[in-house]
Participant: 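Let me give you the structure first, and then I'll get to my questions.
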Amino acid sequence: MNISITHEPAEQTFTVVGQDAELTYARPESGVVDFQHTYVDESLRGQGIGDQLAKQALEWARHEQLRVRTSCRFMAAYVSRHKAQYEDLLDG
């Protein structure tokens with residue numbers, strides 16, 4: 001599925017344009033981002049949308065040189081599945 005993702009820093013979210021899907025985060029301290037919740041509407045699940053949100057958010061964190069926490073179970077599982085790619089970003 002071809003989707004467009006926007007980053008809304010003021011709302012601390014990554015959202016899929018025109019779809020009910022988002023990834024929210026917090027900035028608990030300087031230099032750290034905590035990905036807290038991923039939501040993809042049930043009708044959209046299984047199409048890789050959550051993975052695309054995760055990938056874009058993690059690329060943003062890398063670009064911003066942020067340490068990553070994953071309070072969100074989906075994000076924790078995604079990072080675990082792609083550990084070699086994202087291990088250097090993890091906070092702790």
Participant: Taking ring-ring contact (aromatic ring centres under 6.0 Å, His included) as the cut-off, I'd like each qualifying pair that reaches into residues 46-70, sequence neighbours left out, listed once.
Facilitator: His7-Trp60, Phe14-Trp60, Tyr25-Trp60
Participant: I need the minimum non-hydrogen distance between His37 and Cys72, along with the two atoms involved.
Facilitator: N-CB, 3.6 Å
Participant: Per the salt bridge (charged side-chain N to carboxylate O under 4.0 Å, His left out) rule, what does the pair list look like for residues 32-50, sequence neighbours excluded?
Facilitator: none
Participant: Which pair of non-hydrogen atoms, one from Ala57 and one from Leu23, has the smallest distance, and what is that distance?
Facilitator: CB-CD2, 3.3 Å
Participant: Count the heavy atoms of every other residue, nucleotide or ligand shown that sit under 6.0 Å from CD of Glu64, and state whether that count exceeds 12.
Facilitator: yes
Participant: Walk me through it: do Ile3 and Ile49 pass the test side-chain contact (heavy atoms from CB on, under 4.5 Å)?
Facilitator: CA-CA 8 Å; Ile3 64 170; Ile49 291 173; 4.2 Å; yes
Participant: Do the side chains of Leu66 and Val32 get nearer than 4.5 Å, heavy atoms only?
Facilitator: no
Participant: Could you walk me through whether Leu44 and Gln19 satisfy the side-chain contact (heavy atoms from CB on, under 4.5 Å) test, starting with their C-alpha distance in whole Å, then the side-chain angles of each, then the deciding distance to 0.1 Å, before giving a yes or no?
Facilitator: CA-CA 8 Å; Leu44 301 170; Gln19 302 292 336; 3.4 Å; yes
Participant: What's the shortest heavy-atom distance between Met75 and Ala54, and which atoms?
Facilitator: SD-CB, 3.4 Å
Participant: Evaluate the criterion side-chain contact (heavy atoms from CB on, under 4.5 Å) for residue pair Lys55 and Ile5; output intermediate values, then yes/no.
Facilitator: CA-CA 11 Å; Lys55 183 178 178 183; Ile5 298 172; over 6 Å; no
Participant: With sequence neighbours excluded, tell me which residues meet salt bridge (charged side-chain N to carboxylate O under 4.0 Å, His left out) with Asp20.
Facilitator: none
Participant: Tell me which donor-acceptor pairs under 3.5 Å the side chains of residues 82-92 have, and how far apart each pair is, sequence neighbours excluded?
Facilitator:
from  : atom 1 : to    : atom 2 : distance (Å)
His82 : ND1    : Tyr78 : O      : 2.9
Asp88 : OD1    : Arg62 : NH1    : 3.3
Asp88 : OD1    : Arg62 : NH2    : 3.4
Asp88 : OD2    : Arg62 : NH1    : 2.7
Asp91 : OD2    : Arg69 : NE     : 2.7
Asp91 : OD2    : Arg69 : NH2    : 3.1

Participant: Salt bridge (charged side-chain N to carboxylate O under 4.0 Å, His left out) with Arg67: which residues, sequence neighbours excluded?
Facilitator: none
Participant: Could you go through Phe74 and Asp51, starting from their C-alpha distance and side-chain angles, then the distance that decides it, and tell me whether this counts as side-chain contact (heavy atoms from CB on, under 4.5 Å)?
Facilitator: CA-CA 9 Å; Phe74 175 84; Asp51 286 356; 3.4 Å; yes
Participant: Listed by chain and number, what are the side-chain contact (heavy atoms from CB on, under 4.5 Å) partners of Thr6, not counting sequence neighbours?
Facilitator: Glu8, Thr15, Val17
